[in-house]
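Owing to the predicted nature of the structure, the values given are computational and were not obtained by experimental measurement. Letters A, B, ... mirror the listed sequences (proteins, then strands); counts begin at 1.
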Amino acid sequence: MPDSVKIAIVGSGPAGLSAAGRAAATGVSHVLLEQRDHLSDTIYKYQKGKLVMATPDVLPLRSDLSFQIGIREEVLGTWGTQITGLKANIRFNSEVTAIKGEKGNFELTLSDGSAINAEYVVFAIGLQGNIRLLGVPGQDREWVQYQLNDPDEYSDETIVVVGAGDAGIENALALTKQNSVIILNRGSEFVRIKQGNLTAITTAIEKNQIDCIYSAETARVDDDGIVVKTPQGETKVKCDRIIARLGASPPRKFVEACGIKFPNADPSSLPELSAQYESNVPGLYVIGALAGYPLIKQAMNQGYEVIEYIQGKQLKPADEPLLEQKFAKIPGNRSVLEILALIQGSVPLLSGLTTLQLREFLLDSNVHVPRGGDVIFERNDYTNSFYSIVDGEVNILIDPEDETKVISLGKGAFFGEMGLLSGRRRTATVMASMPSLLIETPRRSMIKLINSVESVKRVMDEAAVGRQIQTYIAPGIPLSDLQELIQTVKVEKFGQGEVLFREGEAGDCLYLIQRGSVTVSREVGGKEAVISYVAAGNYVGEMALISKAPRSATIRAAVAVEALRLDGGPFQALMARNEAVRRTIEARYRGRMLQNIESTEQPEAGGIIQFLIEQGLGEATDVLLIDEALCVRCDNCEKACAETHQGTSRLNREAGPTYQTIHVPTSCRHCEHPHCMVDCPPDALRRNANGEVYITDSCIGCGNCERNCPYGVIHMAAKPRKKPGLLQWLLFGRGPGPGQAVSGKWGPDSKKEDGGPKKAVKCDMCKDVTGGPACVRACPTGAALRVEPSEFFKVVSSGL
Amino acid sequence: MHQSILVFRNFRYLKWAASVIAAAVVLYVFHSPEYGLPNGGTWLGYVLGTIGAVLILWLMWFGIRKRRYGTGGAPVEDWLSAHVYLGLALIVIATLHTGFQFGLNVHTLAYGLMMIVIVSGILGLMAYIRVPELMTNNRRGMTLTQMMHEISDLDTACRETALSLGDEINQIVLKAARDTRIGGNVLRQLSGNDPNCATRQANQAVRHLADHAPQVQAEGFRSLLGLLARKEELLARARRDVRFKAFLDIWLFVHVPLSFALLAALMAHIASVFLYW
Ligand SMILES: Cc1cc2nc3c(=O)[nH]c(=O)nc-3n(C[C@H](O)[C@H](O)[C@H](O)COP(=O)(O)OP(=O)(O)OC[C@H]3O[C@@H](n4cnc5c(N)ncnc54)[C@H](O)[C@@H]3O)c2cc1C
Ligand code: HEM
Ligand code: SF4
Ligand code: SF4
């Protein structure tokens, strides 16, 4: 006979723990099920002594447990004591493997085969997922481990690292310093890893610092080593330790198996929930990171609230005061509920949102009440937020030369989606034409919304297609004239290196690049040679349509690309109908013809473009290059960076590859769609109007961005103390000199364990430094230069 | 790819310097003092002397400006371009200021120091213009650290290969690994060479022994010689890299201390002129 409770809570992270605390405090029968033998596994696995932040500061905490900024050990310790004090009913080592049944009568199956009955289930399993085990006999031996905290703990051992992803490679490399390391790779080469790791591991293998066994499957773990199956047969690799880094299976599969639906396959989509966190399965509630709330405080609040809701109590959501504050600007003194209704009533795009989604959407957004004539954003700004018009009207100034050429958008419309899609500069200035009420939403929240609400995606896609054609191909032509063309449009996606079309093929369509960039290459002397580069917001493939000849070049995706495919027929019809469109397109055609001819005379330019594309310039908006024919290796650039940025240089001049004399140092590319932004819990990575990607103070030091950046340019560093001034150093030798490493007495505050809070640091293009990028300004010989790739490629292809 | 400091901003600072020089020469030619030849004591002498002293102070300020990061104003490249041209203009201005009167005194000492500073500056400038490209070509995409790593890997490989080749070879290889130096004192660095390079000696010794080695060891010797040759080639490149870096740095050890000496001499010169004149 299984145990029976009213509420079963799955997962003891901050969300589940707080729920259990509330349940215990109110005396409902409950059980908290945790798969590990300790509480809050995600936080348990933080680095020792990590400072746990309590962002957002303005959000009040609502929980029976306390939480404030403090180091990991304190936080976990406090929770442990408090939850024991509350007499919550906790079962450790109880992984839930299945949930069946319905509201009032759920049955939860645990990994040990036992079962629990519950009327309600609260899902709080977080996003970390389950670490993949080796899945072979012997996987639980104590010297088989699935995590590596401190590589320096081990020395003079033979260690087998299983898994050739970034984590495995980083561990293997770190361990070679003191151990002999063998890495097992299931494939025959290393794929889908960071460029830096790829170079490091291949050189380490070439130099015999690491042994690698390719095409290796693990068969079992014996007393003295691991048995590996390769195409040549089975071999035993003797070792002292096995470190398996096989990634984690995302929890989504399990959640879906319990009947909870996600709107689409995109990994960032979230399950649809009611205002009380109830999923589409009645009686099954979802809270915490899994519900889309990636911070501890939010998770704890929801834990508390969900228990209250289940017991039928009404609560004002904890974020109510935040929304009140946001809405304070709106004239008319209306309540939060009224304003929510107003917004949803006036903006059709948002009508499909649940109340919970709308609240979250607004919490991330800003409310603006511009007067007539106020500029919302300028053409060429790099901002990538999205605007909805709740009330009023804006004018889009489509022609920089002629201020009277405008498109007006009224109540209920939206704008700014093009910057969001392309990651590039704004294509027009937008101005309020009367007192208005606008909502500005940051890129990340918008992307989350697009991927979570089908109707938002549909409406956005439709509008975006029309507007892009209007902006990039047929300016000034009313949408009604473009319908025939728009009908044929298909959005196609291409992975890096994939071909959109090939030289010599017959051409029956045109591609408008909506996101990413492509290279144009031609066959020269039997080899494919790159001749130029085309960024988002441009089209390719018009040449074959005009000349009716086969494709004159091959187009390849330089990075992941999304392109609109426009059929040739309606496009040619449009050109025939419209003189202005025909003329601009033919001018472009002639320009490209010329370029094709020139490029055959500039074969070395292709090599440079190819090289730079490989260094990630295809997705960069601004990058630091060094002309090694001028660089005197004085490192003044690095010193300048360190001096203007709390003692840590964000660039490494010497590292990074060189082609002819062009050197690409390790420094931020300010990507169009920054990878670093993807997984930042407090959304601390931002981009401002000039395009620089920077990190705000709300960084909690989780290290996700450091892992996600493919160019290895983000470090975790603590703030050092203020050091004595330049003259004191010059005259008396006090403190470290300019750009010298700060440590010891002048280093980070040594009182805090582990050197104070480590936060992510990266190049911010000196947005707060007078005069602009300090590296470039400090270079005595003019070797260092920052370039915008699309401009730079133009210079390169027309000869250096 | 783009411009060097000499052509910087279309020779803007060359034009400045040229105008200053032209003005000084014209004035000097048409200047006829009441008594004797033109020198530091005439009104023109005072004008040129003041310009010269201010220029020297300004040229020295460059050392400070270079380290004041994030302060706005003109970029360091502007400063250096102006530094070079106005520094060169100083030759003319100061020489005219002397009225070609030299002697064994503090005044001529200051002048001499200034000229040494300027000459060292010219040498430095030549290094700045020539060396970076040579250095880049020599590195072939590797950094010095990477070369060092590869050299030590080759050492390991040599030792392993030597194991099967008998004691004598083992000793030679060990010595080569232990005693090979890159860099060293200034002269060694500047020469880019080591006449007593342990690896070269080892290579010669091994080649000699290989001639008399039994057939079974032939393969071992061949690969050892290959490794040693590769190491020698890398050593040569690493030493050249050190040499280039030394070229880029060494002149500053004359330029900077002597500019401080110059500053002292300049103050003595001015003080003596006003006190004892
Ligand atoms: C390195 C790092 C640093 C961070 N720093 C901060 C910070 O400073 N401040 C901040 O606010 N946020 C921080 N975060 C984010 C924060 O950790 C998460 O938002 C928070 O832990 C989410 O809480 P949760 O309760 O939803 O899930 P989790 O904390 O992930 O808890 C889920 C729990 O469920 C258990 N579980 C999973 N599956 C099952 C199952 N099938 N059966 C039973 N139990 C299961 C897990 O073992 C785990 O204990 C950080 C994240 C990381 C990765
Ligand atoms: C009396 C005249 C001069 C004085 C007092 C002077 C002084 C200085 C000083 C103080 C520095 C700073 C060095 C440092 O801190 O790194 C410097 C740098 C330099 N000077 Fe001069 N200088 C003079 C003339 C010249 C001339 C004539 C040239 C070249 C033709 C020259 C070329 C340079 C160069 C190339 C640097 C190095 C810049 C760098 O790497 O940052 N100088 N000089
Ligand atoms: S400051 Fe300029 S010259 Fe000096 S190392 Fe950096 S890029 Fe090279
Ligand atoms: S930190 Fe990395 S991912 Fe982020 S913008 Fe810079 S280069 Fe791109």
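In this view, Y659(A) and F611(A) satisfy the ring-ring contact (aromatic ring centres under 6.0 Å, His included) rule, not counting sequence neighbours. For H663(A), the side chain to side chain donor-acceptor pair (under 3.5 Å) criterion is met by T658(A), not counting sequence neighbours.
For residues 241-259 of chain B, a heavy-atom distance under 4.5 Å to chain A picks out K245(B), L248(B), given by residue number. Below 4.5 Å, heavy atoms of chain A meet no heavy atom from residues 115-122 of chain B.
Considering only heavy-atom pairs separated by less than 4.5 Å from chain A, the leading option among I129(B), D78(B), D153(B) is D153(B). Interface check for chain A: of the options I5(B), L144(B), T145(B), T143(B), the most heavy-atom pairs under 4.5 Å are formed by T143(B).
Interface remark: R130(B) contributes no atoms to any contact with chain A (heavy atom separation under 4.5 Å).
Comment: E233(B) engages R140(B) in a salt bridge, judged by a side-chain N to carboxylate O separation of less than 4.0 angstrom. A salt bridge does not link R139(B) to E628(A): none of the charged side-chain nitrogens sits closer than 4.0 Å to a carboxylate oxygen. Salt-bridge formation is detected for the pair D155(B)/K231(B): a Lys NZ or Arg NE/NH1/NH2 atom is positioned less than 4.0 Å from an Asp or Glu carboxylate oxygen.
Although no hydrogens or angles enter the test, the distance criterion places a donor-acceptor pair under 3.5 Å between the side chain of T71(B) and the main chain of R68(B). For the pair N179(A) (side chain) and E157(A) (backbone), a donor-acceptor distance under 3.5 Å is present. The backbone N or O of E638(A) sits nowhere less than 3.5 Å from a side-chain atom of D635(A) that would complete a donor-acceptor pair.
Contact detail for G220(B) and T161(B): the closest heavy-atom pair is O-CG2, 3.7 Å.
Side-chain contact check for R777(A) and T770(A): no donor-acceptor pair (N or O, by modelled atom type) lies under 3.5 Å.
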